[in-house]
Amino acid sequence: MLGCGTHCEPTRERELSKTDAIYEAMGRIPSGIAILTSRAGDRSTGMLASWFQQAAFAPPLITVAIHKGRYIEELIGLSGKFVLNLLPERPGSLMRHFARGFGPDEDAFAGLQVANSNAGPVLRGAAAHLLCKVQARHDAGDHYLYLAEAKGGAVTTQETSYIHRRRSGATY
């Protein structure tokens, strides 16, 4: 029976705690991987983002979750804008480059080809990008959930966007 909640009998040989079962199920939610970039004045940075989704047709809205305390939050707060650079199916060097993370004084774009936009750096090699203006920020546990309107964007390759599947909803 679908939607049986907590009263279902376990269908596995080993029993999971309720929390483990929730995280295991959440890990089955597919997501993409993108590079979120932002600029405020002469400062810019980028980070891997895996929790983003289209939220509305008109106006074209998306949501993005950002872990609290990330440096990019300050830049988004100052500018009210960001770029969501969607990775191609074979993300290669872009994913590796941003996987390590960057501090406030590090050049997140060293060695990369980027185009500048008023919302932040647009990465060459991304499958597509969206230039976004923040409409709202909501507290979401250990993350902030940003609701943003896509004000511009482009598809730069016909390659399918990268799809990410996690083993557990408790980790990225």
Side-chain angles (χ1 to χ4, degrees), residues 27 29-138 140 142-167 171-172:
I29 299 171
S31 65
I33 296 281
I35 309 300
L36 188 70
T37 64
S38 188
R39 173 185 310 338
D42 62 348
R43 297 182 300 156
S44 61
T45 195
M47 60 165 264
L48 282 179
S50 62
W51 295 347
F52 53 90
Q53 184 68 47
Q54 182 175 345
F57 293 122
L61 297 174
I62 66 166
T63 59
V64 176
I66 300 174
H67 197 276
K68 291 178 179 176
R70 296 294 300 256
Y71 171 59
I72 200 166
E73 279 185 283
E74 179 182 341
L75 301 183
I76 293 171
L78 290 169
S79 70
K81 300 174 185 173
F82 61 81
V83 178
L84 189 67
N85 294 274
L86 298 167
L87 290 179
E89 189 172 26
R90 292 180 296 278
S93 62
L94 278 177
M95 187 184 303
R96 283 190 302 276
H97 181 86
F98 285 94
R100 71 178 192 87
F102 296 94
D105 297 325
E106 294 181 85
D107 181 358
F109 307 102
L112 298 178
Q113 292 183 345
V114 299
N116 291 315
S117 77
N118 67 351
V122 175
L123 300 173
R124 302 227 190 260
H129 68 273
L130 293 167
L131 308 175
C132 300
K133 181 177 180 192
V134 174
Q135 301 297 308
R137 183 182 87 162
H138 301 280
D142 57 358
H143 285 67
Y144 287 115
L145 184 66
Y146 289 83
L147 178 66
E149 182 176 352
K151 295 295 206 173
V155 173
T156 54
T157 179
Q158 293 307 307
E159 186 176 350
T160 304
S161 297
Y162 182 80
I163 302 292
H164 178 60
R165 292 175 185 88
R166 298 172 292 142
R167 289 186 181 157
T171 63
Y172 292 115

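Excluded from the calculations below are hydrogen atoms, water molecules and symmetry mates; all remaining heavy atoms, backbone and side chain alike, are included. Note that the structure is a prediction, hence the values are computed from the model and not measured.
Sorted by first and then second residue, the side chain to side chain donor-acceptor pair (under 3.5 Å) pairs with a member in residues 148-157 form an empty list; sequence neighbours excluded. Each salt bridge (Lys or Arg N to Asp or Glu O under 4.0 Å) pair with one or both residues in residues 101-120, not counting sequence neighbours, appears once here: R100-E106. Counting only residues at least two apart or in different chains, salt bridge (Lys or Arg N to Asp or Glu O under 4.0 Å) contacts with residues 77-91 comprise R90-E159.
Here the straight-line distance linking atom OG of S38 with atom CD1 of I72 works out to 5.5 Å at 0.5 Å rounding. A distance of 12.0 Å separates CG in L86 from OG1 in T160, rounded to the nearest 0.5 Å. Separating the CG atom in N116 from the OG1 atom in T37 is a distance of 9.5 Å, to the nearest 0.5 Å. Within the model, atoms OG of S44 and OH of Y71 stand 7.5 Å from one another, a figure rounded to the nearest 0.5 Å. Atoms OG and CG, on S79 and N118 in that order, are 9.0 Å from each other to the nearest 0.5 Å.
Residues passing the side chain to side chain contact (heavy atoms under 4.5 Å, CB included) test with V122 are V83, N85, A115, S117, H129, L131, sequence neighbours excluded. Legend: residues meeting salt bridge (Lys or Arg N to Asp or Glu O under 4.0 Å) with R124, ordered by chain and number and at least two apart, are absent. Every side chain to side chain donor-acceptor pair (under 3.5 Å) that E74 has, sequence neighbours left out, goes to R43. Partners of F102 by ring-ring contact (aromatic ring centres under 6.0 Å, His included), not counting sequence neighbours, listed by chain and number: H97, F98. With sequence neighbours excluded, the residues satisfying side chain to side chain contact (heavy atoms under 4.5 Å, CB included) with A55 are L61, T63, L147. With sequence neighbours left out, K133 forms a side chain to side chain donor-acceptor pair (under 3.5 Å) with no residue at all. For the side chain to side chain contact (heavy atoms under 4.5 Å, CB included) test, residues two or more places apart in sequence or in another chain that qualify with P91 are L87, M95, Y162.
Contact record, A128 with V155: CB-CA, 3.9 Å, taken as the closest heavy-atom pair. Contact record, S50 with I33: CB-CD1, 3.7 Å, taken as the closest heavy-atom pair.
The aromatic rings of H67 and H143 stand perpendicular to each other, their planes meeting at an angle above 60°, with 30° marking the opposite boundary.
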Check the pair I62, F52 against side chain to side chain contact (heavy atoms under 4.5 Å, CB included), reporting the backbone distance first and the verdict last. CA-CA 7 Å; I62 66 166; F52 53 90; 5.6 Å; no
Dump the intermediate steps for side chain to side chain contact (heavy atoms under 4.5 Å, CB included) on L123 and F109, then the final yes or no. CA-CA 9 Å; L123 300 173; F109 307 102; 4.0 Å; yes
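Within the 4.5 Å cutoff, the side chain of R137 has no heavy atoms near those of the I76 side chain.
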